[in-house]
Peer 1: 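Here you go, one structure.
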Protein chains: 2
Amino acid sequence: MNFSKIPLFENIAASECSRMLDCFHSYTLLLKADQEITIQDHFKDCVAVTLSGSVEISRIDINGRKSILEIIGENEMFGRLCSFSPEEYDTVIAKCILPAEILFLPNDQIEKQCSNACQCHSRLISNLLELMSKKTNSLSSRVNLLSQRTIREKLTHYFYQLAAASGSNSFRIPYSMTTLADYLCIDRSAMTRELKNMKEAGIIDAHGRNISLLQ
Amino acid sequence: MNFSKIPLFENIAASECSRMLDCFHSYTLLLKADQEITIQDHFKDCVAVTLSGSVEISRIDINGRKSILEIIGENEMFGRLCSFSPEEYDTVIAKCILPAEILFLPNDQIEKQCSNACQCHSRLISNLLELMSKKTNSLSSRVNLLSQRTIREKLTHYFYQLAAASGSNSFRIPYSMTTLADYLCIDRSAMTRELKNMKEAGIIDAHGRNISLLQ
DNA sequence: CCTTTTGTGTTGCATATGCAACGGAAATCA
DNA sequence: TGATTTCCGTTGCATATGCAACACAAAAGG
């Protein structure tokens with residue numbers, strides 16, 4: 001593992017990383033695309049960090065409707081300590097989108113004040129805090145998005161996010177339209193209809209997944 | 001300030017707390033009920049922790065509709081580092097619900113590896129991680145709630161949360177119905193109507209804010 | 001105490017949105 | 001290449017939900 005490029009291990013010597021991960025009984029998992037991770041298996045008492053790849057957390061309700069709760073990108077964290085509790089009565093699944101390498105860190109190991117070599121441990125916690133902070137930001141932004149009342153508002157809000165991220169009024173939706181609808185928790189056909197309305201109203205210009213915000 | 005009862009300062013001696021807070025240039029704010037905190041004033045580069053009281057983060061859209069994004073209870077954290085970014089194009093306001101004492105910690109002070117007395121600093125960070133972890137959990141749970149498609153699903157999901165929290169199928173909604181509607185991001189009258197429907201369908205029993213989950 | 005504000009339940013109406021179904025395009029796969 | 005699957009846009013229909021308005025209850029405030 002090349003520790004030097006992983007934010008979680010920033011400012012920690014590679015040798016220390018190996019030793020620490022070993023001491024923590026942490027382990028990594030290689031996932032192929034479309035592979036599912038069952039919550040209880042690994043998340044029970046662990047924090048998960050995607051060293052590479054991408055994971056989608058979603059929920060399928062009894063009517064078969066899928067809602068995407070989170071999309072976890074590279075070097076982001078997820079898992080029980082910082083995510084959906086297993087007490088939820090709906091089925092929450094984590095599916096690998098892009099081939100991923102996932103590091104699992106046992107919670108109790110993180111919490112314990114280790115007696116030896118605390119220097120790098122506290123640095124790791126500090127780095128975890130940084131990751132957690134990013135996660136909280138993205139979750140907050142997600143709450144803000146899902147609190148929008150109408151389809152048009154959700155789309156607009158999401159497009160503003162993309163525009164801000166790309167630094168331009170023209171950008172490309174990074175998901176398929178089907179996935180986007182699941183992500184916004186709305187019906188796909190209704191979304192397509194609303195996109196057409198927004199186009200006709202002169203709010204946006206759209207060619208496939210390429211969107212331009214007008215006015 | 002009585003540090004001993006505040007989770008943020010757990011396992012840190014009171015004398016160390018004083019010294020550290022002083023060194024960090026942190027400060028506290030006393031808020032009366034209904035008082036608003038403007039984002040830019042305090043949150044710009046700070047983490048906020050409610051030592052006591054309660055704060056509501058909400059958004060008012062151009063149509064005057066209010067959506068409650070978060071309700072921050074005692075000993076929870078909020079602020080820019082872990083909340084809604086100021087780049088949001090809607091107006092997000094933080095309002096004090098119960099008289100509160102809020103501690104502001106500058107981000108850069110937290111991040112810096114202080115040269116002296118790192119022991120209690122790293123303990124503080126560890127405690128922050130704990131707070132942040134709780135916050136992430138509550139945000140995730142919020143995403144899960146808001147991702148529900150229908151009013152009935154939102155109500156049901158929320159009631160399950162209350163039931164789990166109270167350890168009973170009978171509980172009392174802790175907010176006014178108006179507030180609850182804002183919290184679920186739905187229309188109040190539509191919510192009342194749906195509650196009646198659920199009652200008639202035998203799913204719940206409801207007398208005012210007292211709810212019982214049947215079946 | 002009276003006055004004012006806020007909360008609550010109700011209902012008629014308009015419509016935004018979900019749902020099902022279909023055909024064609026595009027992508028994947030063998 | 002051909003076969004299969006996924007993706008996408010469209011539309012008719014039913015209805016869940018937002019909205020406005022109202023009356024009354026409850027709470028707050030002076």
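Chain identifiers are assigned alphabetically (A, B, ...) following the order of the sequence lines, protein sequences preceding nucleic acid strands; residue numbering begins at 1 within each chain. Note: hydrogens, waters and symmetry copies are ignored here, and every other heavy atom, side chains too, is used.
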Peer 1: Once you round it to whole Å, what is the distance between C1' of C:dT10 and CG of B:Leu195?
Peer 2: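 Computing the B:Leu195:CG to C:dT10:C1' distance gives 14 Å.
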Peer 1: Pull out every protein N or O sitting under 3.5 Å from an N or O of nucleotides 24-30 of chain C, one pair per line with the distance.
Peer 2:
none

Peer 1: Restricting to non-hydrogen atoms, name the atom on A:Ile68 and the atom on A:Ile71 that form the minimum distance, rounded to 0.1 Å.
Peer 2: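 Shortest heavy-atom contact: CG2-CG1, 3.7 Å.
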Peer 1: Considering heavy-atom distances to DNA chain C, does B:Thr178 or A:Met191 have its closest nucleotide positioned more toward the 5' end?
Peer 2: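 Between the two, 5'-proximity favours B:Thr178.
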Peer 1: Please report, rounded to the nearest Å, how far the C1' atom of C:dC22 is from the CZ atom of A:Arg188.
Peer 2: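 Rounded to whole Å, this separation is 11 Å.
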Peer 1: For A:Arg193, report the nucleic acid contact type (base, sugar-phosphate, nothing); a contact means any heavy atom under 4.0 Å.
Peer 2: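 A:Arg193: base contact, heavy atoms under 4.0 Å.
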Peer 1: So A:Thr150, base contact, sugar-phosphate only, or nothing? Heavy-atom distance under 4.0 Å.
Peer 2: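 The answer is sugar-phosphate, as A:Thr150 gets under 4.0 Å only of primed atoms, P, OP1 or OP2.
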Peer 1: I'd like to check A:Asn75 versus A:Leu8 (side-chain heavy atoms, cut-off strictly below 4.5 Å). Are they in contact?
Peer 2: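 They are not in contact (no side-chain heavy atoms under 4.5 Å apart), so the answer is no.
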Peer 1: Among B:Glu130, B:Glu76, B:Glu70, whose salt bridge (charged side-chain N to carboxylate O under 4.0 Å, His left out) with B:Lys135 holds?
Peer 2: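 That would be B:Glu70.
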Peer 1: What is the distance, to the nearest angstrom, from the CD atom on B:Glu194 to the P atom on C:dT11?
Peer 2: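 Rounded to the whole Å, the gap is 15 Å.
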Peer 1: Is A:Ser140 reaching over with its side chain to a backbone N or O of A:Thr136, donor-acceptor style, under 3.5 angstrom?
Peer 2: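 Pair found, side chain donor or acceptor close to backbone of A:Thr136.
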Peer 1: Using whole Å, report how far CG of B:Asn197 lies from C1' of C:dT10.
Peer 2: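 In whole Å, C:dT10 C1' lies 13 Å from B:Asn197 CG.
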Peer 1: Roughly how far, to the nearest 0.5 Å, is CE of B:Met198 from CD of B:Glu194?
Peer 2: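 Interatomic distance, B:Glu194 CD to B:Met198 CE, rounded to 0.5 Å: 6.5 Å.
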Peer 1: Does the Lys NZ or Arg CZ of B:Arg209 fall within the cation-pi geometry relative to B:Tyr175 - under 6.0 Å from the ring centre and within 45° of the axis?
Peer 2: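 Ring-cation test returns no.
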Peer 1: Which is true for A:Ser176 with a 4.0 Å heavy-atom rule: it touches a base, it touches only sugar-phosphate, or it touches nothing?
Peer 2: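 Sugar-phosphate: the residue A:Ser176, judged by heavy atoms under 4.0 Å, touches backbone atoms but no base.
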Peer 1: First contact, last contact: which nucleotides of DNA chain D are these for chain B, 5' to 3', heavy-atom distance under 4.0 Å?
Peer 2: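 Answer, 5' to 3': D:dT17 to D:dA20.
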Peer 1: Does the A:Gln35 side chain pair with the main chain of A:Leu31, one donor and one acceptor, at a distance under 3.5 Å?
Peer 2: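 Not confirmed, A:Gln35 side chain does not pair with A:Leu31 backbone.
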Peer 1: Kindly determine whether A:Phe9 and A:Leu21 satisfy side chain to side chain contact (heavy atoms under 4.5 Å, CB included), including the steps that lead there.
Peer 2: CA-CA 11 Å; A:Phe9 301 118; A:Leu21 292 183; 3.8 Å; yes
Peer 1: Between A:Thr50 (side chain only) and A:Gly73 (backbone N and O only), is there a donor and an acceptor less than 3.5 Å apart?
Peer 2: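 Flag set: sc A:Thr50 to bb A:Gly73 pair under 3.5 Å.
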